[in-house]
Colleague: 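Next up is a structure, given as structure tokens.
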Amino acid sequence: MTEIAIPAGSPFGTDNLPYGVFSTPGTEPRVGVRVADSVVDLAVVLGDAVFARPTLNAFMAQGYDRWVEVRRRITEVVTGVLPDEAVHAVGDVTLHLPVDIADYVDFYASEHHATNLGRLFRPDSAPLMPNWKHLPVGYHGRAGSVVVSGTDIVRPCGQRKAPGDPAPVFGPSTRLDIEAELGFLVGTGSPLGSSLTADDFGRHVFGAVVVNDWSARDIQAWEYVPLGPNLGKSFATSISPWVVPLLALEGARVPTPEQDPAPLPYLAETRPWGLDVDLAVEWNGEVVTRPPYRSMYWSPAQMLAHLTINGAPARTGDLFASGTVSGPDKDQRGAFIELTWGGREPVTVAGEPRTFLLDGDEVAISATAPGAGGGRIGFGEVRGRILPATQAHR
Ligand SMILES: O=C(O)/C=C/C(=O)CC(=O)CC(=O)O
Ligand SMILES: [Ca+2]
Ligand SMILES: [Mg+2]
């Protein structure tokens with residue numbers, strides 16, 4: 001029998017309890033919960049087959065009341081004595097994509113990021129488009145290329161054409177970038193022809209992850225007019241393996257920045273879902289920027305209301321991401337295109353001047369938030385390494 005020692009100040013104490021999908025050598029992936037540096041096998045300790053599955057979807061679909069009940073049971077169980085076979089050191093397990101992703105939508109909710117990208121992509125127009133303060137702007141991403149942290153990212157190839165070039169050329173992206181974001185996973189959705197309100201967010205969204213929405217800026221800049229990003233984004237989106245329950249983020253709730261003009265009534269929230277989450281981006285082991293989520297203009301609850309207001313269904317496993325998190329300061333920018341101002345102002349990484357990603361580079365984005373217990377809870381990290389292009393011969 002085993003008792004899990006939770007060190008004071010652990011980001012994975014009982015006020016967090018994030019869910020993931022893990023396996024040990026020779027066993028099938030199943031649902032676990034992280035406690036300190038251990039992973040607890042929920043199928044074993046709760047004796048419920050819903051946790052013996054290779055994704056969280058079936059549990060997520062059971063709904064809010066069940067999430068509350070299971071969290072209460074887990075809190076009791078993990079502070080007691082557990083069978084040895086239910087407890088694994090986090091270093092001994094393989095972590096898998098925790099959710100079968102249904103649809104993936106990415107928003108653009110940071111005013112600082114949208115203003116910076118507007119200046120970089122459209123230097124001759126106003127940085128924010130006229131719609132930006134009236135609705136959370138977003139685009140449909142590609143669910144099939146959402147991957148778990150630790151998955152290597154092959155440098156994408158594609159078309160690009162710089163403004164002065166006579167014709168487009170094909171080849172490996174030379175402006176490969178990151179986007180530091182939070183992502184929200186729908187637990188229980190809404191049928192086609194109906195919609196959810198912003199105040200439904202707390203009961204319909206199961207949890208949150210850290211997202212790296214890898215972006216090939218040269219492919220994107222040429223392809224995106226007028227329908228928005230496509231192949232410049234769809235080659236890979238990485239998420240952290242631990243899904244932090246929304247129930248653990250109550251202590252992180254803060255007001256959103258003032259919204260002026262007031263949004264239309266369907267985007268109103270009784271108590272806004274701003275979140276006091278601090279992100280940190282490590283590039284080859286050095287922290288280069290610390291984006292603050294509390295500075296995001298649109299809340300994730302407003303994103304959910306917007307996603308469904310036309311009657312589009314929300315489904316279990318839908319992932320919607322916030323868009324790049326950038327704060328007002330230079331060292332708070334969540335994408336390298338902003339941090340290096342289009343590649344014109346390199347940053348120093350391990351003594352070298354750097355702009356966009358080189359083959360072999362590794363990026364890890366982590367996040368923490370105030371927990372209910374007075375300390376901080378951790379999201380863990382989303383990590384990925386760039387491999388050389390493989391389609392360049394075509
Ligand atoms: O403004 C543009 O043309 C492009 C914007 C982005 O690339 C941002 C995006 O994908 C959404 C986000 O992460 O904020
Ligand atoms: Ca993005
Ligand atoms: Mg992507």
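Model, not experiment: these values are computed from the prediction. We count ligands from 1, going down the list as the structure has it; atoms in each ligand are counted the same way.
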Colleague: Check side-chain contact (heavy atoms from CB on, under 4.5 Å) between Asn57 and all other residues, then give those that pass, not counting sequence neighbours.
Modeller: Thr55, Val99, Asp100, Thr316
Colleague: Should the proximity of Met296 to ligand 1, defined as any heavy atom under 4.0 Å, be assigned to the side chain, the backbone, both, or neither?
Modeller: neither
Colleague: Would you mind running through ligand 1 and noting each atom that sits below 4.0 Å from a heavy atom of Asp106?
Modeller: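 In order of number, 10 (O), 11 (C), 13 (O).
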Colleague: Classify the contact between Phe107 and ligand 1 as side chain, backbone, both or neither, using a heavy-atom distance cut-off of under 4.0 Å.
Modeller: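 It is the backbone that gets close, since no side chain atom is under 4.0 Å.
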Colleague: Keeping waters out of it, list the protein N, O or S atoms under 3.0 Å from the Ca ion (ligand 2).
Modeller: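 Result, waters dropped: Asp106 OD2, Glu179 OE1, Glu181 OE2, Asp213 OD2.
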Colleague: Should you measure from each heavy atom of Arg217, which atoms of ligand 1 turn up under 4.0 Å away?
Modeller: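 Atoms satisfying the 4.0 Å criterion: 7 (O).
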Colleague: Evaluate whether atom CD of Glu28 has more than 12 neighbouring non-hydrogen atoms of other residues, nucleotides or ligands under 6.0 angstrom away.
Modeller: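 Incorrect, the count does not exceed 12.
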Colleague: Report the nearest protein non-hydrogen atom to atom 9 (C) of ligand 1: residue, atom name, distance rounded to 0.1 Å.
Modeller: Lys233 NZ, 3.5 Å
Colleague: Do side-chain atoms of Arg155 reach the backbone of Ser173 as a donor and acceptor pair under 3.5 angstrom?
Modeller: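 Indeed, once roles are kept as given, a pair shorter than 3.5 Å links the two residues.
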Colleague: Short question: side chain of Asp276, backbone of Ala252 - any donor-acceptor pair under 3.5 Å?
Modeller: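 Side chain of Asp276 to backbone of Ala252: no pair is present.
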Colleague: Quick check: does Arg122 get an N/O under 3.5 Å from an N/O on ligand 1?
Modeller: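 In this structure, Arg122 places an N or O atom under 3.5 Å from an N or O of ligand 1.
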Colleague: Can you name the atoms of ligand 1, numbered from 1 with element, that are less than 4.0 Å from a heavy atom of Glu181?
Modeller: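 Per the distance check, 13 (O).
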Colleague: State which residues pass side-chain contact (heavy atoms from CB on, under 4.5 Å) with Leu231; sequence neighbours excluded, sorted by chain then number.
Modeller: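 Only Ile219, Glu223, Ser234 meet the side-chain contact (heavy atoms from CB on, under 4.5 Å) criterion with Leu231.
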Colleague: By number and element, which atoms of ligand 1 are closer than 4.0 Å to a non-hydrogen atom of Gly323?
Modeller: 12 (C), 13 (O), 14 (O)
Colleague: Please answer whether the main-chain N or O of Trp273 pairs with a side-chain N or O of Glu269 as donor and acceptor at a distance below 3.5 Å.
Modeller: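 Checking the backbone N and O of Trp273 against the side chain of Glu269, a donor-acceptor pair under 3.5 Å is found.
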Colleague: Is the Phe336 ring parallel, tilted or perpendicular to the Trp283 ring (thresholds 30°, 60°)?
Modeller: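 Aromatic pair Phe336/Trp283 classed parallel.
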Colleague: For residues 87-98, run the donor-acceptor check on the side chains, cut-off 3.5 Å, and write out each pair with its distance to 0.1 Å, sequence neighbours left out.
Modeller:
residue, atom, partner, partner atom, Å
His96, NE2, Ser23, OG, 2.7

Colleague: Only heavy atoms of Gln220, strictly under 4.0 Å: list the atoms of ligand 1 that pass.
Modeller: 4 (C), 5 (C), 6 (C), 7 (O)
Colleague: Using 30° and 60° as the class limits, which term best fits the ring planes of Tyr297 and Trp132: parallel, tilted or perpendicular?
Modeller: tilted
Colleague: If we ignore hydrogens and angles and just use 3.5 Å, is the side chain of Glu181 paired with the main-chain N or O of Gly323 as donor and acceptor?
Modeller: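 Yes: the side chain of Glu181 pairs with the backbone of Gly323.
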Colleague: Please classify the Thr324 to ligand 1 contact at 4.0 Å (heavy-atom distances, strictly less than): side chain, backbone, both or neither.
Modeller: both
Colleague: Please say which of Val39, Val382, Val33, Leu17 ends up in a side-chain contact (heavy atoms from CB on, under 4.5 Å) with Trp242.
Modeller: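 The residue from Val39, Val382, Val33, Leu17 that satisfies side-chain contact (heavy atoms from CB on, under 4.5 Å) with Trp242 turns out to be Val39.
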Colleague: Could you name the option among Tyr108, Tyr224, Trp132, Tyr139 that has the heavy atom nearest to atom 5 (C) of ligand 1?
Modeller: Tyr108
